[in-house]
*Asks:* 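Take a look at this one; I'll ask things after.
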Amino acid sequence: MDSRAPTPAPSTLPPPPHPEPEPPLPPTRWQRFKRTLLGGPKDIQDPQLFQHISLAAFLAWVGLGADGLSSSAYGPEEAFKNLGEHQYLAIFLALATGLTVLVISAAYSKIIEHFPFGGGGYAVSSRLLGPSAGVVSGAALLIDYVLTTTTSVAAGGAAIFSNFPESWHVFRLPVEVTALILLTVLNLRGVKESIQVLLPIFLAFIATHVLLILGSVGLHLGRVDDVARSIGTGLHTDLSTMGFVALALLFLRAYSLGAGTYTGIEAVSNGLSIMREPRVATGKRTMVYMSTSLAVTAGGIILGYLLMGVRHIPGKTMNWTLAHMLAGDVDVLGIPIGRAFVVVTLASEALLLFVAAQAGFIAGPRVMANMAHDSYLPHRLSALSDRLTMQNGVLLMGGASLFMLLYTRGSVDALVVMYSINVFVTFALSQAGMMRYWHRRETQLRFPEWRRSMAIAAICFVVCTFILLINIYEKFFEGAWVTVVVTGALVAVCMLIKRHYRGVFARLKRLDTILEALPSSTPMKELHVDKRKPTAVLLVASFSGLGIHSLLTVVKLFPRYFHNVVFMSVGVVDSATFQGVEEVDRVREETETALQKYVDLARRMGIPADYRMSIGTEAVSECERLAQDVAREYERSIFFAGKLIFERERWWDRLLHNETAVVIQRRLQFAGLAMVILPVRVLE
């Protein structure tokens with residue numbers, strides 16, 4: 001008797017063939033409402049898609065540059081107020097502010113040129129200073145973008161309510177909360193749509209503030225001699241009474257506390273991935289637009305304060321006071337044109353601040369996605385919705401900004417202090433990285449003009465470090481400590497997440513030893529796939545020991561039952577591959593190559609095999625659609641997927657490993673399809 005006789009089939013066979021999947025149910029009211037609110041899905045395989053949704057330099061200036069430009073609503077005011085009675089120094093303050101904007105912008109233009117795939121400060125610090133510096137920079141950027149959104153909305157509310165009596169200010173916080181919620185919803189629709197809606201606001205701001213600066217500065221050009229004499233007199237008096245050192249320290253303190261003026265400059269380099277090709281040229285052009293407009297606006301407003309003799313009035317912004325002093329009493333034929341100009345100027349400023357909140361929603365989720373790809377944050381934060389927005393990141397940014405708005409009660413002074421700290425942490429780390437980059441011998445050989453670039457990076461590093469230290473020292477007990485503590489806590493959390501993922505990946509890597517024992521030279525047989533016979537449909541990703549382990553488990557659990565095996569995979573286009581139709585093709589090619597390896601392996605094992613695949617932005621819904629197509633083709637199919645099983649499962653295991661297999665199983669079972677989850681043990 002042949003000892004190799006077939007093993008008897010088990011008495012308990014798998015379930016009978018499943019019924020034909022029912023057609024999808026009509027959308028629910030909630031689904032229809034969501035589709036109306038957020039818009040329909042976009043086809044990632046449309047070759048024109050990336051041209052349609054990417055941003056030209058002008059639109060990028062609106063969406064990303066508005067963050068920097070809008071800081072002229074609160075940065076110059078904070079710096080001017082800290083001059084105290086020495087307001088004649090404002091002429092030097094305006095010059096220093098404009099030069100600082102240009103230096104930081106020039107430094108970040110070099111980052112755009114040499115790191116063209118986006119990521120800004122996080123990418124630079126990670127690659128040039130190491131992962132530890134990178135995660136500090138990334139955490140600082142995330143807090144920065146949360147506070148970008150919060151500060152912009154709060155400052156916008158302050159500008160709006162400057163036009164109303166103080167008794168109305170009780171409504172300010174509810175208005176700001178409503179605006180923040182609306183911006184979150186708008187960004188869930190898509191980046192370009194949100195910017196196009198807000199474009200008229202941006203143009204209104206430019207027009208009104210050009211008139212404001214030309215009026216406040218231009219009307220006083222005839223007083224140049226008087227202004228020069230007052231500056232000379234003030235300098236002589238203060239130098240004789242205070243001394244040079246004390247006066248210089250006072251000026252540098254005011255200059256440093258106006259750090260809010262420079263916030264937002266880095267947003268262009270962080271959002272490079274959404275810009276139109278050629279990305280580097282578009283990004284650098286956007287930076288020129290933004291830096292020039294910010295330098296002129298911030299410097300011009302400071303000069304306007306000086307020349308018009310503006311003083312701080314409680315409940316009013318200094319920009320309101322400047323506009324009111326310039327044109328508030330102007331009437332033409334009994335029509336209060338001046339009053340209308342004040343209202344329109346402050347309204348455009350307030351609404352531009354709301355536009356500036358876009359930088360947090362645009363660049364913040366991209367920083368999250370970059371960190372998620374490096375396993376410092378949950379991997380799900382890199383996923384795209386069917387509208388091609390980073391929906392998880394947008395919702396997280398909106399929720400965190402709402403919390404900070406309520407925590408500070410919309411106090412612009414408190415928010416600007418917290419905001420400025422992290423901006424300059426990122427600035428300083430980025431420029432330290434660029435200094436190291438230009439110090440490399442191979443870089444110097446490739447770029448003969450490296451000395452100029454090194455000088456720009458060094459100057460920017462010194463300026464940013466000085467401003468950072470002054471702000472921490474001066475404002476530590478006024479809110480800066482909150483930023484330091486929260487950023488430190490976020491860095492610690494990122495490190496713990498990285499440690500967890502590294503440990504899990506190392507343990508799963510042991511499964512790859514299966515690859516060494518696979519038949520490599522066995523010729524593949526001519527095997528016929530019979531679609532009417534029992535078929536195991538195995539959900540797999542890349543070709544690895546994990547997928548092979550699942551295949552061998554199916555063979556072991558159901559010996560000689562399945563005639564065919566079909567490998568099914570969804571190529572997911574996430575934020576890292578969302579760079580153009582060529583990247584979508586690359587994902588398709590990689591997915592197809594991995595599936596073909598599985599098919600070849602199964603045929604060497606004597607199992608008829610085939611594969612099915614599709615491309616999408618979300619694995620679960622795309623898997624459900626593809627599975628229903630496979631079930632129609634293979635009448636007696638059962639679906640299988642692996643799921644990580646931890647010896648002691650904790651809440652963070654469920655958060656960091658998002659239970660995709662369980663969600664797919666629930667959806668397929670509801671559709672009448674049988675699915676089995678295969679345990680993959682992760683040993684401690």
Side-chain angles (χ1 to χ4, degrees), residues 71-72 74-104 107 140 227-263 265 294-295 298-307 309-312 318 412-429 431-432 455-484:
S71 64
S72 61
Y74 48 81
E77 176 176 340
E78 187 69 20
F80 190 81
K81 284 192 299 186
N82 280 282
L83 289 176
E85 297 302 318
H86 311 274
Q87 293 184 355
Y88 68 90
L89 293 173
I91 187 73
F92 305 109
L93 185 61
L95 181 61
T97 299
L99 286 175
T100 303
V101 170
L102 296 178
V103 166
I104 296 175
V227 172
R229 278 195 297 271
S230 67
I231 292 172
T233 302
L235 274 174
H236 182 269
T237 302
D238 285 344
L239 287 173
S240 60
T241 56
M242 299 173 58
F244 175 78
V245 174
L247 187 61
L249 290 175
L250 183 147
F251 173 79
L252 291 173
R253 179 179 181 275
Y255 163 74
S256 300
L257 294 179
T261 306
Y262 317 112
T263 56
I265 294 176
L294 176 57
I301 286 175
I302 291 174
L303 285 178
Y305 292 160
L306 171 65
L307 296 174
V310 174
R311 295 290 186 273
H312 177 64
M318 290 182 68
V412 178
D413 290 340
L415 285 166
V416 168
V417 169
M418 292 188 286
Y419 181 21
S420 302
I421 300 297
N422 276 1
V423 172
F424 283 90
V425 167
T426 304
F427 282 175
L429 285 173
Q431 297 315 311
I456 293 173
I459 293 170
C460 189
F461 173 76
V462 171
V463 169
C464 292
T465 303
F466 177 80
I467 292 175
L468 172 64
L469 294 176
I470 293 295
N471 273 272
I472 292 176
Y473 176 78
E474 288 286 340
K475 299 292 185 177
F476 187 80
F477 295 106
E478 297 179 31
W481 69 270
V482 176
T483 304
V484 174

*Asks:* Give, for atom CG of Asn82 and atom CG of Leu250, the distance between the pair rounded to the nearest 0.5 Å.
*Replies:* 8.5 Å
*Asks:* Considering non-hydrogen atoms only, spot the tightest contact between Ser256 and Ile467 and give its length.
*Replies:* O-CG2, 3.7 Å
*Asks:* Rounded to the nearest 0.5 Å, what separation is found between the CG atom of Leu83 and the OH atom of Tyr305?
*Replies:* 12.0 Å
*Asks:* Thr233 and Tyr88: side-chain donor and acceptor closer than 3.5 Å?
*Replies:* no
*Asks:* State, to 0.1 Å, how close Val425 and Ala140 come at their nearest heavy-atom pair, and which atoms those are.
*Replies:* CG1-CB, 3.9 Å
*Asks:* Mind checking the OG1-CZ spacing from Thr97 to Phe80? Nearest 0.5 Å is all I need.
*Replies:* 12.0 Å
*Asks:* Specify the closest pair of heavy atoms between Ala90 and Leu306, including all atoms of both residues, with the distance to one decimal.
*Replies:* CB-CB, 3.9 Å
*Asks:* State, to 0.1 Å, how close Ala107 and Gln431 come at their nearest heavy-atom pair, and which atoms those are.
*Replies:* CB-OE1, 3.4 Å
*Asks:* Minimum heavy-atom separation for Tyr262 to Phe427, with atom names?
*Replies:* O-CZ, 3.7 Å
*Asks:* Once rounded to the nearest 0.5 Å, what's the spacing between atom CD1 of Ile302 and atom CG of Leu89?
*Replies:* 12.0 Å
*Asks:* Taking Thr237 for its side chain and Gly234 for its backbone only, find out whether a donor-acceptor pair lies under 3.5 Å.
*Replies:* no
*Asks:* Using 0.5 Å steps for rounding, measure from the CZ atom of Phe251 to the NE2 atom of His86.
*Replies:* 13.0 Å
*Asks:* Show the numbers, then the answer: is there a side-chain contact (heavy atoms from CB on, under 4.5 Å) between Leu235 and Phe92?
*Replies:* CA-CA 12 Å; Leu235 274 174; Phe92 305 109; 4.1 Å; yes
*Asks:* Rounded to the nearest 0.5 Å, what's the gap from CE on Met318 to NZ on Lys81? Could you check?
*Replies:* 7.5 Å
*Asks:* Please examine the side chains of Thr465 and Phe461, heavy atoms only from C-beta on, and report whether any two atoms are closer than 4.5 Å.
*Replies:* yes
*Asks:* Specify the closest pair of heavy atoms between Thr261 and Pro76, including all atoms of both residues, with the distance to one decimal.
*Replies:* OG1-N, 3.4 Å
*Asks:* With a 4.5 Å cut-off on side-chain heavy atoms, are Leu252 and Ile470 touching?
*Replies:* no
*Asks:* Go through it in stages, so that I can follow the logic: the residues are Val463 and Val103, the test is side-chain contact (heavy atoms from CB on, under 4.5 Å), and I'd like the CA-CA distance, side-chain angles, deciding distance and then a yes or no.
*Replies:* CA-CA 9 Å; Val463 169; Val103 166; 5.7 Å; no
